Trainee: 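Encoded as structure tokens, here's the structure I'll be asking about.
These values consider heavy atoms only, across backbone and side chains, with no hydrogens, waters or symmetry-generated copies. Keep in mind the model is a prediction, meaning the values are calculated, not measured.
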Amino acid sequence: MDGKEKSTGKKKRIVVEPDGPYRVEGGIPLVNKVQVVSEYGEPLTWKTLNRIETGEEYSLCRCGHSSDFPFCDCTHAEIGFDGTETARTDTFEERKRDLPGGQGLVVKLDNYLCMGSGFCGNRLTNIRKMMSHTAEPSVRAEIIAMIERCPAGAYTYAMQEGEADIEPDLPEQIAVTVDITSDGPIRSAYWVTGNIPIERADGQPFEIRNRVTLCACGESRNKPLCDGRHRNLKSTRK
């Protein structure tokens, strides 16, 4: 598939093909996004560069070697890509733990989802360190801002114990992301937002979440989720 197929009228969903690409159905918008960083290299926010033209259904490269990236060109078949999925299908609620020390803010962390995007801290502090100072509203605001920029949704928050998590209002969208590092821009992950269903190759559904990151380099040990391993490939896949 080349990303320019005719309308299928299917519902929005992403299906992981066995040892192959992500099949995207339902006309989900595809965009390019890049990190905005400080002069110290600290991630600050995200910038949308452009929308990528697609059809109602298209296939995204999962092996990381397509010459038509982000679209699949079937290189996975030529290189014998092993796309075996190892990511768990349990839920955030089953895996998460509450960070201690919060006043007026409940912060939850699921390290299993982390892909190391770096929005949870800066050169001066990080979410864990700030938890003991959440009696100060400005500290709570900074923590909330960091959490809402986390693409993987590893962190969530609620204002009080027992209340539902508050999630940023994100569009139904897939973003092809780029990290900015000391060595320059590197291809990162597919950032899926807006509670889009994702289905494993064996038909098992993943928990539907407002935001999640899918591997785009083919090297994750937590397929199909991104585990940050793309940073090891920065010299060859920019």
Side-chain angles (χ1 to χ4, degrees), residues 1-17 20-36 43 45-62 66 68-72 85 87 89 91-93 108 110 112-115 117 119 144-158 164-179 187-201 203-217 220 222-226:
M1 300 179 189
D2 62 2
K4 301 176 178 63
E5 300 183 11
K6 294 181 179 179
S7 175
T8 63
K10 294 181 178 179
K11 294 181 180 179
K12 291 181 174 64
R13 67 170 183 166
I14 299 171
V15 179
V16 183
E17 296 282 4
Y22 303 107
R23 188 175 76 248
V24 181
E25 301 175 351
I28 301 171
L30 184 67
V31 301
N32 281 311
K33 284 192 175 185
V34 64
Q35 282 185 344
V36 177
T45 188
W46 292 95
K47 179 180 180 181
T48 300
L49 298 178
N50 62 283
R51 179 163 176 167
I52 303 171
E53 182 183 354
T54 70
E56 185 79 1
E57 182 175 331
Y58 53 94
S59 291
L60 294 175
C61 173
R62 189 156 70 100
S66 173
D68 192 28
F69 191 87
F71 299 114
C72 173
E85 295 149 277
T89 56
T91 67
F92 177 91
E93 192 62 28
K108 307 167 188 179
D110 179 5
Y112 188 74
L113 295 175
C114 180
M115 49 85 74
S117 62
F119 285 94
I144 288 171
M146 287 180 171
I147 290 175
E148 292 191 343
R149 290 167 187 150
C150 170
Y155 278 99
T156 65
Y157 71 93
D165 290 348
I166 298 173
E167 278 286 317
D169 187 10
L170 298 173
E172 288 184 324
Q173 180 178 271
I174 301 173
V176 183
T177 60
V178 170
D179 288 350
R187 184 189 303 168
S188 181
Y190 298 120
W191 181 15
V192 181
T193 59
N195 296 292
I196 297 171
I198 300 172
E199 185 178 299
R200 287 169 49 118
Q204 294 186 68
F206 284 103
E207 177 187 23
I208 297 176
R209 292 186 57 75
N210 186 38
R211 47 193 164 140
V212 68
T213 49
L214 297 177
C215 175
C217 72
S220 173
N222 195 26
K223 291 184 181 72
L225 303 180
C226 173

Trainee: When rounded to the nearest 0.5 angstrom, what is the spacing between CG in Asp179 and CD in Gln35?
Mentor: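 The CG atom of Asp179 sits 4.0 Å away from the CD atom of Gln35.
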
Trainee: Answer yes or no: is there a side-chain heavy-atom contact under 4.5 Å between Cys217 and Arg187?
Mentor: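 No, their side chains stay 4.5 Å or more apart.
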
Trainee: Could you check whether any side-chain heavy atom of Arg62 comes within less than 4.5 Å of a side-chain heavy atom of Val16, counting everything from C-beta outward?
Mentor: yes

Trainee: Looking at Thr213 and Met115, what are the two nearest heavy atoms and their distance?
Mentor: OG1-CG, 3.3 Å

Trainee: What I want to find out is whether Arg211 reaches Glu167 closely enough, with some N-O distance under 4.0 Å, to be called a salt bridge.
Mentor: yes

Trainee: Are the side chains of Tyr157 and Glu148 in touch, meaning some heavy atoms are under 4.5 Å apart?
Mentor: yes

Trainee: Do Leu214 and Leu60 pass the side-chain contact (heavy atoms from CB on, under 4.5 Å) test, and can you show the C-alpha distance, the side-chain angles, and the key distance before you say yes or no?
Mentor: CA-CA 11 Å; Leu214 297 177; Leu60 294 175; over 6 Å; no

Trainee: Kindly give the heavy-atom pair with the smallest separation between Asn195 and Asn210, and that separation in Å.
Mentor: OD1-N, 3.2 Å

Trainee: Quick check: does any side chain N or O of Tyr22 sit under 3.5 Å from a backbone N or O of Cys215, one acting as donor and the other as acceptor?
Mentor: yes

Trainee: What's the separation between atom CD in Glu56 and atom CD in Glu25, rounded to the nearest 0.5 Å?
Mentor: 9.5 Å

Trainee: What closest approach, in Å, do Tyr58 and Ile28 show between heavy atoms, and which atom pair accounts for it?
Mentor: OH-O, 2.7 Å

Trainee: Tell me, do Ile52 and Asn32 make a side-chain contact under 4.5 Å, heavy atoms counted?
Mentor: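 Contact flag for Ile52/Asn32 side chains = yes.
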
Trainee: If you compare all heavy atoms of Ala189 against all heavy atoms of Thr177, which two are closest, and at what distance to 0.1 Å?
Mentor: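 Result for this residue pair: O-OG1, 2.7 Å.
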
Trainee: Can you list everything that forms a side chain to side chain donor-acceptor pair (under 3.5 Å) with Arg209? Sequence neighbours excluded, please.
Mentor: none

Trainee: Can you tell me how far SG of Cys114 sits from CG of Asn222, rounded to the nearest 0.5 angstrom?
Mentor: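 It comes to 11.0 Å.
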
Trainee: Which residues pass the ring-ring contact (aromatic ring centres under 6.0 Å, His included) test with Tyr155, sequence neighbours left out?
Mentor: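 Once residues adjacent in sequence are excluded, Tyr155 has no partner under the ring-ring contact (aromatic ring centres under 6.0 Å, His included) criterion.
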
Trainee: Indicate the atoms forming the closest heavy-atom contact of Ala87 with Arg200, along with that distance.
Mentor: O-NH1, 2.9 Å

Trainee: Could you state the interatomic distance from CG (Leu30) to CG (Asn50), rounded to the nearest 0.5 Å?
Mentor: 9.0 Å

Trainee: Return the CD to CD1 distance between Glu207 and Ile198, rounded to the nearest 0.5 Å.
Mentor: 10.5 Å

Trainee: Give the minimum heavy-atom separation between Tyr190 and Cys61, together with the two atoms involved.
Mentor: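 Nearest pair, atom of Tyr190 first, then Cys61: OH-O, 2.7 Å.
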
Trainee: Kindly indicate whether the side chain of Phe92, heavy atoms from C-beta on, has any atom under 4.5 Å from the side chain of Asp165.
Mentor: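 Counting from C-beta outward, Phe92 and Asp165 do come under 4.5 Å.
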
Trainee: If you round to the nearest 0.5 Å, how far is CD of Gln204 from CD of Glu199?
Mentor: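 Reported to 0.5 Å precision, the distance equals 10.0 Å.
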
Trainee: Do the non-hydrogen side-chain atoms of Phe206 and Thr89 ever get within less than 4.5 Å of each other?
Mentor: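 A side-chain contact under 4.5 Å exists here.
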
Trainee: Quick one: does any side-chain atom of Ser66 pair with a main-chain N or O of Phe71 as donor and acceptor, under 3.5 Å?
Mentor: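 Yes.
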
Trainee: Could you check whether any side-chain N or O of Ser220 sits under 3.5 Å from a backbone N or O of Leu225, counting only pairs where one atom can act as donor and the other as acceptor?
Mentor: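 Between the backbone of Leu225 and the side chain of Ser220 there is a qualifying donor-acceptor contact (under 3.5 Å).
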
